[in-house]
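Reviewing the structure listed below.
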Amino acid sequence: MVKRSGGKPDKAILSEMPMRFGDDPLLWAAWLYYEDGMTQADIANLMGLSRASVNTYLADARTRGLVNIEIEPDRFRSVMIAKAMKDRFNLQDCLVIPSEGGDRSLFERLGAAGAQVLKRLVRAGDTIAVAWGRSVLSLAEELHHPGLADIRVVQASGSTTARIPWTPEACAARLAEALGARWVPLSAPAIVSSPEMRERLLAETVLSEQMVVLSEANRIVMGISSMRPESTIHTSGFLDGVDQQAHYQDAVGSVSGRFISARGEPVIGPVNDRTIGLDLAALRAIPQRIAVAGGIEKVSAILAALRGGYVNVLITDAASARGVLTADGWQEPKRRSQVPAPVVEGAAPRVHHGGDKKLINEARDIVDESIDGLLLAHEPLLAKVPGTHRAVMARNGPRSGKVGIVIGGGSGHDPGFWGYVGQGCADAAVMGNIFAAPPPDPILAASRAVHGDAGLLYIYGNFSGDVMNFDMAAEMAAAEGIRVRQVVTTDDIASSPPDARGSRRGVAGNVFVFKIAGAAADLNASLEACEIVARRAADCTYTMGLALEPVRLPDTRQPSYEVGPDEMEIGVGIHGEPGVMRQKIVKADDAADLLLDRILSEMAPVRGDRVALLINSLGGTQTMELYILARRVRQRLKAHGIGVHRTFVGPYFTSLDMKGVSLSLMKLDDELITLLDHPCHTPALTELGEQKGGK
């Protein structure tokens, strides 16, 4: 990581520095030199420094070990992603923060980052419109920047329900206080009873004067809301009494209380003419539109806001930004510094980990050839979905009058997804490229193939591409008269704190949810009942993993991150994401304790509770090691007085060749036990119906 060499940087430098460099001129200089390939003379001209000063910056970075041939990888990724966002969506600027960090929630950390950005941007005489949301209120609470003259802060919309603390008036009033500014409220509800009432209120002198101030805003600070039930737009009361499916099914998000489609176009519904505040045209006319938003569940909404041009300064997190870029078709460029190291005579030989050897033909064909093979190997159970090569269906699962269960996600998790298709479990699985979401078209093809006139339940992990593409497929299926409900799994406790569970990844706990939902459907439960029990299973499931060696993608053969020979990565993701912490490798019992203690602290079971246990290989861990871990986990659970109804050990949900393990627990009740024990027959899971396990 590049840090300043002592003292504060010159204010003139900071005013011109892209905010992705975080007020750090050393990092900026190092980036320009090592990544952009600029000469020291060009850097000096751009930064407004002498060439000698630039040389000093670079020398200081090298001598301190802060830059060693390349910029530190984690800092590089944030800067690189921010630059890609800025360039791809024509932003004035973009700041990307890590998706994990410390005990503070993502909303709090986004708010702190947004406060730093606003402090740099705000000027005397500004009129700042303020929308509302958790991140916006957090920004206001983190900000302290009084002393500027003639600042006005005005609400971007009328007042919302008091059920939430981040109301428009609370956000605007707190921001005005932080800036020592004059606060201008909008003296009316955000949603009124009728268009006629809206027109009458807007004609009132007080409100009309306030709306004039709003029209004079030169900056706006806002959040971006998804359309999920727990989202800001729902909790604020905007959709109370409104049939979202009937009127806003094309909306993927909202900005300042206005609804937008995936293409960024306005979605007009019954609340549009009853809303008091900025409309989308007025929003887009504000010169500087600052959005603070993050979390995987918001990726489609953020992308829509960017496509519509409603944002030109964005503060977000790395996972969300990468999800937005990937969903928009971006491919990460190879770094300038990613070149083979020179061979030095007499140097020690490179340590070979063995993970870069693959039994494949061409990397581009690996997914399709694998699907060809699994269809042949499991011919009695699986069939190809007509019209696509990226989806398989159960030969004995779908039937008339039964809810269809469609699951899916990226390839590379074998037997993930296709392995849980069969009678008593899922009816179809859709696979994308390696670690990439399947497109909507094969999801729709699978939906048509297994639809039995009782509706469909989609189940998939909480990854940006999956959320977006399954949502799109659900809309297309609905247009054909197919009812679809969706359950998004969020069991990875390392990926987000408990108060932001909606942002967590869905990982190996998927297996439990697939099994529960499939059993309910096989017992002819209604679509609503299948959704409820699958959602309860997802909410009762907790997973955490660790890795000794990272994943290596088939095309690059390179590790997704570096971990030392005596280190292990804690809290890893299943797409090669690094963990939330790194430590010295420990013995098996200690590793099991580390994972189990974290899960138990959040699950908070009591003596007499029952659980299902999954000890899962992430691809490169031997079964013998898994059973050693299973032994320790069972010992610990027995000591806690927790009964283990079922124990599953093996490679149930992998991450290519990652040498690692994940531990999943699902807290059980009588209904979940019945469904877990219900007979099923799939390539990866066969249940004959009798209860197994122990106490």
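These numbers come from the heavy atoms of this one structure, side chains and all, not from hydrogens, waters or symmetry mates. The residues of the chain are indexed from 1 along the displayed sequence.
Side chain of Ser256 to main chain of Leu278: no donor-acceptor pair is present (N/O by atom type, distance under 3.5 Å, no hydrogens or angles). A donor-acceptor pair is defined here as one N or O able to donate and one able to accept, closer than 3.5 Å; such a pair exists between the side chain of Asn462 and the backbone of Gly502. Within the 3.5 Å criterion, the main-chain N or O of Ala170 finds a donor-acceptor partner in the side chain of Thr167. A donor-acceptor pair under 3.5 Å links the side-chain atoms of Ser495 to the main chain of Arg505, judged by distance alone. Side-chain N or O atoms of Thr275 include one that pairs as donor or acceptor with a backbone N or O of Val271 at under 3.5 Å. Side chain of Arg109 to main chain of Pro98: a donor-acceptor pair is present (N/O by atom type, distance under 3.5 Å, no hydrogens or angles).
For Ser503, the side-chain contact (heavy atoms from CB on, under 4.5 Å) partners at least two apart in sequence or on another chain are Glu297, Ser496, Ala500. Taking the ring pair (Phe, Tyr, Trp, His ring centres under 6.0 Å) definition, one finds that Phe435 meets it with His413, His575, sequence neighbours left out. Scored by the side-chain contact (heavy atoms from CB on, under 4.5 Å) test, Asn272 finds Arg258, Ile268 as partners (sequence neighbours excluded). Residues passing the side-chain hydrogen bond (donor to acceptor under 3.5 Å, both in side chains) test with Arg501 are Thr490, sequence neighbours excluded. Partners of Glu216 by salt bridge (Lys or Arg N to Asp or Glu O under 4.0 Å), not counting sequence neighbours, listed by chain and number: Arg152. Partners of Glu475 by side-chain hydrogen bond (donor to acceptor under 3.5 Å, both in side chains), not counting sequence neighbours: none found. His145 pairs by the ring pair (Phe, Tyr, Trp, His ring centres under 6.0 Å) definition with nothing, not counting sequence neighbours. For Arg485, the side-chain contact (heavy atoms from CB on, under 4.5 Å) test picks out Leu457, Leu527, Glu528, Glu531, with sequence neighbours left out. For the side-chain hydrogen bond (donor to acceptor under 3.5 Å, both in side chains) test, no residue two or more places apart in sequence or in another chain qualifies with Glu199. In this view, Ser320 and Asp317 satisfy the side-chain hydrogen bond (donor to acceptor under 3.5 Å, both in side chains) rule, not counting sequence neighbours.
Summarising the local packing, CE of Met472 is surrounded by 12 or fewer heavy atoms from other residues, nucleotides or ligands at distances under 6.0 Å. For Asn218, the CG atom sits in a packed shell: over 12 heavy atoms of surrounding residues, nucleotides or ligands are nearer than 6.0 Å.
For the pair Asp492 and Arg504, the salt-bridge criterion is not met [side-chain N within less than 4.0 Å of a carboxylate O]. Checked for salt-bridge contact, Lys83 and Asp87 meet the test: a charged N lies under 4.0 Å from a carboxylate O.
Residue pairs meeting the ring pair (Phe, Tyr, Trp, His ring centres under 6.0 Å) criterion with at least one member in residues 249-307, sequence neighbours excluded, are Tyr248-Phe259.
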Derivation and outcome, side chain to side chain contact (heavy atoms under 4.5 Å, CB included), residues Leu214 and Gln155 | CA-CA 7 Å; Leu214 179 57; Gln155 286 177 219; over 6 Å; no
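Val136 has its side chain out of reach of Trp166: every pair of non-hydrogen atoms, C-beta onward, lies at least 4.5 Å apart.
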Which pairs would a plain distance check flag for residues 301-316, meaning a side-chain donor or acceptor within less than 3.5 Å of a matching protein atom at least two apart in sequence or in another chain?
from: Arg307; atom 1: NE; to: Asp328; atom 2: OD1; distance (Å): 3.3
from: Arg307; atom 1: NH1; to: Ala262; atom 2: O; distance (Å): 3.1
from: Arg307; atom 1: NH2; to: Asp328; atom 2: OD1; distance (Å): 2.9
from: Tyr310; atom 1: OH; to: Gly264; atom 2: O; distance (Å): 2.8
from: Asn312; atom 1: OD1; to: Arg289; atom 2: N; distance (Å): 2.7
from: Asn312; atom 1: ND2; to: Pro287; atom 2: O; distance (Å): 2.9
from: Thr316; atom 1: OG1; to: Ala293; atom 2: O; distance (Å): 2.7

